[in-house]
There are 2 protein chains.
Amino acid sequence: MPQTSVEIVKASVVLKLLGDKTRLTIMKLIDNQACCVCEFVEIFQTSQPSISQHLRKLKDIGLVKEERRGQWIFYSVDKGNEYYPFIKPILDQLPNQEYKLKELEEKGTRISCC
Amino acid sequence: MPQTSVEIVKASVVLKLLGDKTRLTIMKLIDNQACCVCEFVEIFQTSQPSISQHLRKLKDIGLVKEERRGQWIFYSVDKGNEYYPFIKPILDQLPNQEYKLKELEEKGTRISCC
DNA sequence: TTAGTATATAACTATCTACTTATATAATCA
DNA sequence: TGATTATATAAGTAGATAGTTATATACTAA
């Protein structure tokens, strides 16, 4: 089976986006489930605009997609994106991050929406 | 066969390094051969200090190794590095960059050392 | 409609990054 | 030895980046 190939400048743009621990953790988290913005704010203990801006960058090149459910917006990895086959092996080598959601539940700070 | 796993903060550091088109192209080029600094300077049409600084960053986290041969220093990917299994699938999905060396030969600007 | 909640965007700022120029180090060769 | 070549390092700078605060937008529910 021939390897897929990604133009090298585009690849570097994608890798730069993944080269941030917040964005990389987000991508791993939502590779198998949708999460809403407020969860990320809790998990990363940072401001809501900061998370929004990270998500915006991921969305701009199509790595993630959003889905509004009432007043919440859920984000998940867009597996139909042209770069998904490129980043999949990267995500697969990262340790599962779902424990971060579990910690929120245990602390009781997991927001109502999720 | 269980997947290897790379701590997520370390992974983001490695990906940030690869998230630069010059460094990413260098990594792809030297995944299967050693190249000396002057070749990179020709290929990327940039200054020698700029290349040296990119190579320094790659060397600092162990992605590449150097080998002096007389007055020249050859760089190649350190396949024994702990992160190599992590980055290998990335490099494998990039188009071969050897044509850049061929272009140097055809232009006659490939330096004597190489 | 008004108040409250969730999210996005704008503007600003501190820090980081990649480059430049200048200089230092190291090897070769006459 | 001194001149030349290859590479590294230092210092400075312009532009990029990630965060902040303030505000706008969008939805829900009373």
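Note that the structure is a prediction, hence the values are computed from the model and not measured.
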Return the value, rounded to whole Å, for the distance between atom [atom1] of [X] and atom [atom2] of [N].
X	N	atom1	atom2	value
A:Asp20	D:dG19	CG	P	6 Å
B:Trp72	D:dA8	CH2	P	15 Å
A:Asp60	C:dA8	CG	P	12 Å
A:Ile73	C:dT5	CD1	P	17 Å
B:Phe44	C:dT20	CZ	C1'	18 Å
A:Lys21	C:dC16	NZ	P	12 Å
B:Phe74	C:dA26	CZ	C1'	16 Å
A:Glu67	C:dA6	CD	P	18 Å

Interatomic spacing from CG in B:Asp20 to NZ in B:Lys16 - rounded to 0.5 Å: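 So the gap between those two atoms works out to 12.0 Å.
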
Atom CG in A:Leu63, atom CG in A:Leu18: separation rounded to 0.5 Å?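 Rounded to the nearest 0.5 Å, the CG-CG separation comes to 6.5 Å.
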
Kindly determine whether B:Val6 and B:Glu82 satisfy side chain to side chain contact (heavy atoms under 4.5 Å, CB included), including the steps that lead there. CA-CA 9 Å; B:Val6 175; B:Glu82 62 177 315; over 6 Å; no

Give, ordered by number, those residues of residues 45-56 of chain B having at least one heavy-atom distance below 4.0 Å to an atom of DNA chain D; if nothing qualifies, reply none. B:Gln48, B:Pro49, B:Ser52, B:Gln53, B:Arg56

Check the pair A:Asp78 / A:Tyr83 against side-chain hydrogen bond (donor to acceptor under 3.5 Å, both in side chains), numbers first and verdict last. CA-CA 9 Å; A:Asp78 183 357; A:Tyr83 301 118; over 6 Å; no

With B:Tyr75 as reference, evaluate B:Lys59, B:Glu39, B:Glu66, B:Glu67 under the side chain to side chain donor-acceptor pair (under 3.5 Å) test and give the passing residue.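 With B:Tyr75 as partner, side chain to side chain donor-acceptor pair (under 3.5 Å) holds for just one option, B:Glu66.
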
Distance test, side-chain N/O of A:Arg23 to OP1/OP2 of D:dA18, below 4.0 Å: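 It does, given that an N or O in the side chain of A:Arg23 lies less than 4.0 Å from OP1 or OP2 of D:dA18.
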
Could you tell me whether the phosphate oxygens of D:dA8, OP1 or OP2, come under 4.0 Å of any side-chain nitrogen or oxygen in B:Tyr75? yes

Check salt bridge (charged side-chain N to carboxylate O under 4.0 Å, His left out) between A:Lys10 and all other residues, then give those that pass, not counting sequence neighbours. none

When you match A:Thr22 and A:Gln71 each to their closest nucleotide on DNA chain D, which lands nearer the 5' end?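 Nearer the 5' end of the strand: A:Thr22.
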
Please tell me which of A:Lys16 and A:Glu66 maps to the more 5' nucleotide of DNA chain C, matching each residue to the nucleotide holding its nearest heavy atom. A:Glu66

Does NZ belonging to B:Lys21 count more than 12 external heavy atoms closer than 6.0 Å? no

Among the candidates C:dA27, D:dC27, C:dT7, find the nucleotide nearest to the side-chain atoms of B:Arg68.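 Between C:dA27, D:dC27, C:dT7, the one nearest the side chain of B:Arg68 would be C:dA27.
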
